[in-house]
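Below is one structure; the comments refer to it alone.
Note on naming: letters A, B, ... go to the chains in the order of the sequence lines (proteins, then strands), and numbering restarts at 1 for each one.
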Number of protein chains: 2
Amino acid sequence: MTAKRVPPAQLAPQLRDAITRFNRRVRRARPVGDLTVTQLSALTSLKLAGALTPRELADIERVQPPTMTKIVAKLEERGLVQRTPHPTDGRQVILAATAGGLAVLDQFERARNEWLASRLAALTEEERDTLRRAAEILQQLARA
Amino acid sequence: MTAKRVPPAQLAPQLRDAITRFNRRVRRARPVGDLTVTQLSALTSLKLAGALTPRELADIERVQPPTMTKIVAKLEERGLVQRTPHPTDGRQVILAATAGGLAVLDQFERARNEWLASRLAALTEEERDTLRRAAEILQQLARA
DNA sequence: CCAGGCTCATTAGTTAAGCTAACGATTGTG
DNA sequence: CACAATCGTTAGCTTAACTAATGAGCCTGG
């Protein structure tokens, strides 16, 4: 397993195409009546952070504030997220996952990963390790 | 660089989140007046294959036929793709990139990869190799 | 040899996801 | 205390994807 020299200009389209297709495939595999990938990602971030303002959540999710307004609105409709006014700053809002939100999250955590996890399980240990390292690098690139 | 054991159930959300955010970031970085990532991907596939029916192109792009109809319509509007009737089968249509399409593709090939390529160039040779191998695995997963 | 079934592409209609621009309320400051 | 900055939201647009239904053309079995 020697590292091959990879010109960035050549890797860029390869990586882009691979991720575009992979992403389409993953997004399609959502249970009926379930949350979308975007909504799940936001709810998960909220769960991890405990409580956030819309702006903070938008930053974490790499999305513009108005987009986050919409995402949160959908989550709120279902009672998965709660808006409470900021104690001292009247402009701000505090978002938090409700008990129902956490329950739904836990409940679907397994289901939503089922397709991907089963595919991953079919890979070799080494391939999974490659993906794990790639995931870290991609997060870092997304942050740049 | 020993391979760590990676449970699939744990890797799945990691990978999904990383790719979701990376994808958002890449899609945002498109030159004004330019083609979208989706359109570029389709046009590129068409260039590589030479000529395809809409169905074939939809399969390659992991998209449903009606979606491909729309993508092709936009490319055709700009004169980048040409529809010609199938010689023997009146139902089918043959799609091919026009000379203009190929020119635009070549012209923007560098520009569209600029952001990503410059980021990739900042990585180590080893990291790029990890991404290259990951891209292959992801393509394979998307096909499953 | 042609009627019915299949395939292909498209149309129609919906939903999600993202953006920018503009706005109203609130805060903080010079 | 007027005014600038900040926060969240609204409004309006675009892209991208889906399913269901439609119409045209092909093919095959009786």
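Atom-to-atom, CD of B:Q64 to P of C:dT15 comes out at 18 Å; the value is rounded to the nearest Å. Protein atom NE2 of B:H86 is 9 Å distant from nucleotide atom P of C:dA9, rounded to whole Å. Here D:dT9 presents its C1' atom at 14 Å from CD1 of A:I71, a figure rounded to the nearest Å. Across the protein-nucleic acid pair, A:Q39 atom CD and C:dA16 atom C1' stand 8 Å apart, rounded to whole Å. Taking atom CZ on A:R62 and atom C1' on C:dC19, their separation rounds to 17 Å, with Å as the unit. In this structure, the NZ atom of B:K74 is 7 Å from the C1' atom of D:dA16, given to the nearest Å. Here C:dT15 presents its C1' atom at 14 Å from CG of A:L35, a figure rounded to the nearest Å. What separates CE of B:M68 from C1' of C:dT11 is a distance of 17 Å, to the nearest Å.
You'll find the side chain of B:L95 reaches within 4.5 Å of the side chain of B:P54, heavy atoms only. Between A:L35 and A:R78 there is a side-chain heavy-atom pair separated by less than 4.5 Å. B:L15 is not listed as a side-chain neighbour of A:L138, based on a closest heavy-atom distance of 4.5 Å or more. In this structure, B:T67 and B:T38 have side chains that are not in contact, with every pair of non-hydrogen atoms separated by 4.5 Å or more. Put simply, the side chain of A:L57 reaches to within 4.5 Å of the side chain of A:E61, judged on heavy atoms.
If you find the closest nucleotide of DNA chain C to A:P65 and to B:V72, the one lying nearer the 5' end belongs to B:V72. Comparing A:K70 and A:Q92 along DNA chain D, the residue whose closest nucleotide (by nearest heavy atom) sits nearer the 5' end is A:Q92.
Within the 4.0 Å cut-off from OP1 or OP2 of C:dA17, not a single side-chain nitrogen or oxygen of A:T67 is found. For the pair A:T38 and C:dA16, the criterion of a side-chain N or O lying under 4.0 Å from OP1 or OP2 is not met. OP1 or OP2 of D:dT9 has at least one side-chain nitrogen or oxygen of A:R83 nearer than 4.0 Å.
The distance from the CD atom of B:E125 to the OG1 atom of B:T130 is 10.5 Å, given to the nearest 0.5 Å. Rounding to the nearest 0.5 Å places OG1 of A:T124 at 9.5 Å from CG of A:D129.
When all heavy atoms of B:L43 and B:G101 are compared, the closest pair comes out as CD2-O, 3.9 Å.
A donor-acceptor contact shorter than 3.5 Å links the side chain of B:S45 to the backbone of B:S41.
For A:T36, whose side chain is taken as the heavy atoms from C-beta onward, the closest listed nucleotide among C:dA16, D:dG8, C:dA12 is C:dA16. Considering only the side chain of A:T69, D:dT9 comes nearest among C:dA16, C:dA9, D:dT9.
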Each nucleotide of nucleotides 23-30 of chain C classed B (base within 4.0 Å of a protein heavy atom), S (only sugar-phosphate) or -, in 5' to 3' order, makes ---BS---
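For the side-chain hydrogen bond (donor to acceptor under 3.5 Å, both in side chains) with A:E136, the qualifying choice from A:R132, A:Q140, A:R133 is A:R132, the only one to do so.
Taking a 4.0 Å limit (strictly below) on heavy-atom distances, residues 49-58 of chain B does not reach DNA chain D anywhere.
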